[in-house]
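Written below as structure tokens is the structure these notes are about.
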Protein chains: 4
Amino acid sequence: MPPVTRDAALTRARILRAARTEFMRHGYSGGRVDRISKAAKSSDRMIYYYFGSKEALYIEVLEGVYTELGAAESALTLDVSEPEAALRTLIAFTWNYYLAHPEFVALLANENMHRGRHITKSVKVKQLSRPVLDILDRILQEGMRQGIFRPDLEVKKVYLTMAALGYFYLSNRYTLSTFLGDDLMKREQCASWQEEMTRVVLASLKP
Amino acid sequence: MPPVTRDAALTRARILRAARTEFMRHGYSGGRVDRISKAAKSSDRMIYYYFGSKEALYIEVLEGVYTELGAAESALTLDVSEPEAALRTLIAFTWNYYLAHPEFVALLANENMHRGRHITKSVKVKQLSRPVLDILDRILQEGMRQGIFRPDLEVKKVYLTMAALGYFYLSNRYTLSTFLGDDLMKREQCASWQEEMTRVVLASLKP
Amino acid sequence: MPPVTRDAALTRARILRAARTEFMRHGYSGGRVDRISKAAKSSDRMIYYYFGSKEALYIEVLEGVYTELGAAESALTLDVSEPEAALRTLIAFTWNYYLAHPEFVALLANENMHRGRHITKSVKVKQLSRPVLDILDRILQEGMRQGIFRPDLEVKKVYLTMAALGYFYLSNRYTLSTFLGDDLMKREQCASWQEEMTRVVLASLKP
Amino acid sequence: MPPVTRDAALTRARILRAARTEFMRHGYSGGRVDRISKAAKSSDRMIYYYFGSKEALYIEVLEGVYTELGAAESALTLDVSEPEAALRTLIAFTWNYYLAHPEFVALLANENMHRGRHITKSVKVKQLSRPVLDILDRILQEGMRQGIFRPDLEVKKVYLTMAALGYFYLSNRYTLSTFLGDDLMKREQCASWQEEMTRVVLASLKP
DNA sequence: AATGAATGAGCGTTCATTCAT
DNA sequence: GATGAATGAACGCTCATTCAT
């Protein structure tokens with residue numbers, strides 16, 4: 001098959017996108033180079049031409065999803081002077097991001113199964129700033145200053161709580177649906193959980 | 001190689017245990033039949049003799065971890081008359097179970113990556129009771145009756161909160177350690193998080 | 001599964017019959033020991049208990065079909081004083097035997113693919129009389145004596161002609177049906193061919 | 001091992017030829033992929049690279065032998081104005097073709113054992129013209145016009161007779177040699193049978 | 001007389017990857 | 001800059017068969 005385009009950057013991008021989907025669905029071990037090249041309307045050979053190896057491609061996918069999340073967090077504009085409202089917005093953002101980017105959730109899960117083997121190889125990921133902690137910290141500081149939050153809050157713990165409540169619900173949707181007997185992905189179920197997790201986080205901050 | 005034993009049940013059990021470890025570490029796709037047979041001091045052939053296929057073996061592993069969790073939950077004895085104490089015990093149990101059974105966490109994560117493809121094939125898992133919901137429900141009912149909990153609690157949501165806080169911390173330990181710059185698995189960190197998640201759950205139940 | 005019967009001879013016979021069907025359908029290489037044991041409602045182990053090996057079983061199947069054909073030929077009663085009528089009967093017998101015993105045709109074909117490797121190992125097959133040549137010879141002798149057949153007939157050649165016309169039609173039915181565009185196994189097609197082959201044989205004997 | 005050549009067409013052809021021999025000798029089930037790749041001085045992997053599967057390779061072998069026979073038939077030049085001579089030539093051609101191409105005979109036999117399972121999957125075989133029927137038909141028409149043949153001849157039946165007499169002798173040579181006590185493949189035996197089968201066919205056409 | 005347990009060798013096939021131009 | 005040809009190593013799985021009682 002002749003290449004779809006002669007534009008190297010485009011071919012590269014198509015491969016990267018196809019790889020993201022493939023690794024999301026099948027993990028690193030289950031991901032197949034030939035399925036990626038086929039989905040990208042390219043060839044196995046080009047993957048090695050552009051990326052060098054399956055693992056290097058996987059790492060670049062990983063870097064991509066982290067970069068995108070960081071960019072999205074940076075784009076957030078919050079009015080910190082109203083800490084509770086700002087926090088609601090941040091929780092909503094986090095939740096919606098997970099919801100809109102199942103590949104992020106899936107890739108993290110897979111990476112953890114591999115004990116972070118690939119992510120530790122990425123220099124780029126280490127250098128990446130993750131603005132969310134700063135944002136959250138500013139919100140908490142202001143809330144504590146105003147006396148509407150407990151004075152002994154630790155930003156990491158609050159982040160863990162927020163992330164856990166959103167991530168777990170989505171990452172474990174299949175086993176949870178079986179166990180709880182509901183389809184957790186129905187629109188109203190999702191909305192209901194968003195409310196609930198917001199309530200839980202806020203309750204945990206009360207003085 | 002001569003057989004380690006001619007006891008069928010033992011051979012079977014050794015394979016099953018080896019498979020659990022293998023699938024925990026590498027997932028279903030990454031799990032290797034020959035590594036399992038070697039670890040079980042048996043042969044590839046015996047895996048097919050006793051289980052029929054890699055997938056059937058995987059499913060039986062899945063059934064095993066679910067069964068064991070159910071049994072452990074059933075063995076819990078709680079004094080429901082003191083709801084808060086009972087809840088603390090239940091949270092501690094859940095947390096310690098995840099901690100002591102990393103294979104449970106890993107296998108669930110992997111199964112979710114596969115969209116529950118294998119677990120839905122298991123008749124046994126469907127028939128399994130998961131006592132935790134009943135236990136939690138009894139605690140909540142009594143707490144609401146005593147007026148120490150909010151009157152509008154839903155057991156499923158409280159369960160999700162409790163499970164999420166424990167599970168996420170452990171399932172995502174590697175990416176979180178990178179992100180937060182701490183080793184989350186250090187003893188004091190774990191203890192600290194157990195306290196924190198207990199605090200969060202209890203705070204979320206307050207009237 | 002408990003054995004269907006404790007009668008050794010019966011079990012043995014069931015295996016032999018199942019093997020005949022299996023080897024007819026799949027040949028020697030394609031024949032599977034476990035399919036045979038399953039079809040015979042026995043176990044692989046019993047096949048080795050009674051027959052020793054797959055090949056020995058195959059050879060016994062081969063001996064069986066040859067023995068049965070010999071017995072059927074022996075049971076033929078022909079009035080040789082009317083050679084043409086007798087020959088018609090013999091042709092009809094041969095044709096109908098092939099038709100009623102597809103396993104005979106299939107096993108011969110398979111054995112020839114293997115260059116007679118197994119049949120040459122059977123002492124029994126070598127000792128077996130095949131009465132058809134004697135019968136045919138008596139018919140031809142009488143026909144020549146009466147002057148209604150060519151005087152220079154050779155029994156082997158006439159046998160080959162008769163056998164070829166019947167056997168080929170049936171052994172090659174699938175490729176022939178594709179090539180000729182007809183279903184050769186339809187009742188009227190078979191009947192028509194029986195007439196034709198009789199006509200051809202008789203024409204070839206005319207003085 | 002370094003490749004014998006980097007010419008794709010050549011590698012492909014070597015595999016195809018080796019496969020033909022392998023499947024002739026052992027049938028489809030008995031044919032071994034690694035024996036083929038070894039005989040072709042290639043590797044198992046290349047068989048899958050070029051053909052996709054053992055079955056696809058087998059089908060292409062089948063298509064090959066059919067195509068070659070069709071080509072050989074097309075190359076036949078016969079003077080139809082002398083029907084009997086033309087027919088003798090056609091019979092000789094058919095006989096010699098079977099004799100020179102034992103793989104054709106063997107592959108047909110094997111395919112029939114499999115009930116035509118593979119040949120029916122080939123689109124190419126279906127589209128192939130088999131000129132022999134046309135040629136034979138022209139001969140018979142002219143012979144009937146000249147009055148030297150019976151007026152009620154059917155081309156398919158005459159073809160079956162001709163093919164049967166040649167094919168059966170060769171396809172069943174091993175069991176027949178055992179049964180008749182002769183080596184049918186000796187030169188003079190073959191020549192003698194060619195004469196005999198020609199005599200039989202011609203006798204069957206006489207008015 | 002009968003059988004459950006066990007196996008070495010090999011099966012067709014797929015894997016990520018490199019060669020050579 | 002791009003690609004068709006080629007591959008070693010492993011994959012999940014099946015084969016006929018034997019062990020041990």
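So that the names make sense, note that chain A is the first sequence line, chain B the second, and so on, each numbered from 1. Remember, it's a predicted structure, so these values are computed and weren't measured experimentally.
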Sequence neighbours excluded, which residues qualify as side chain to side chain donor-acceptor pair (under 3.5 Å) partners of [X]?
| X | answer |
| --- | --- |
| A/R35 | A/E22 |
| B/D44 | B/S37 |
| A/S29 | none |
| C/Y28 | none |

Residue C/V33, side-chain atoms from C-beta onward, closest of F/dT17, F/dA2, E/dT7: F/dT17

Atom-to-atom span, CD1 of D/I36 to P of E/dC11 - whole angstrom: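 It works out to 11 Å between those atoms.
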
Runs of at least three Watson-Crick or G-U pairs with DNA chain F, cut-off 3.5 Å: E:2-21 with F:2-21

Qualifying ring pair (Phe, Tyr, Trp, His ring centres under 6.0 Å) pairs with a residue from residues 34-57 of chain C, counting only residues at least two apart or across chains: none

Residues within residues 48-55 of chain B bordering DNA chain E, heavy-atom distance below 4.0 Å: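 Here the set is B/Y49, B/Y50.
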
5' priority, DNA chain F, between D/M46 and B/R45 [closest heavy atom]: D/M46

Ring pair (Phe, Tyr, Trp, His ring centres under 6.0 Å) against A/H114, all qualifying residues, sequence neighbours excluded: A/H118

Set of residues satisfying ring pair (Phe, Tyr, Trp, His ring centres under 6.0 Å) with respect to A/Y174, sequence neighbours excluded: none

Interface with DNA chain F, restricted to residues 114-124 of chain A and to heavy atoms under 4.0 Å: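 Within this stretch, nothing sits under 4.0 Å of the strand.
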
Sugar-phosphate, base or nothing in reach of B/D34, heavy atoms under 4.0 Å: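 Sugar-phosphate contact only - B/D34 comes under 4.0 Å of backbone atoms but never of a base.
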
Listed partners of C/T67 passing side-chain contact (heavy atoms from CB on, under 4.5 Å), at least two apart: C/K124, C/L128

Pairwise salt bridge (charged side-chain N to carboxylate O under 4.0 Å, His left out) hits with a residue in residues 48-68 of chain D, at least two apart: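 Those involving residues 48-68 of chain D are D/R12-D/E60, D/R20-D/E68, D/E55-D/R117, D/E55-D/K121.
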
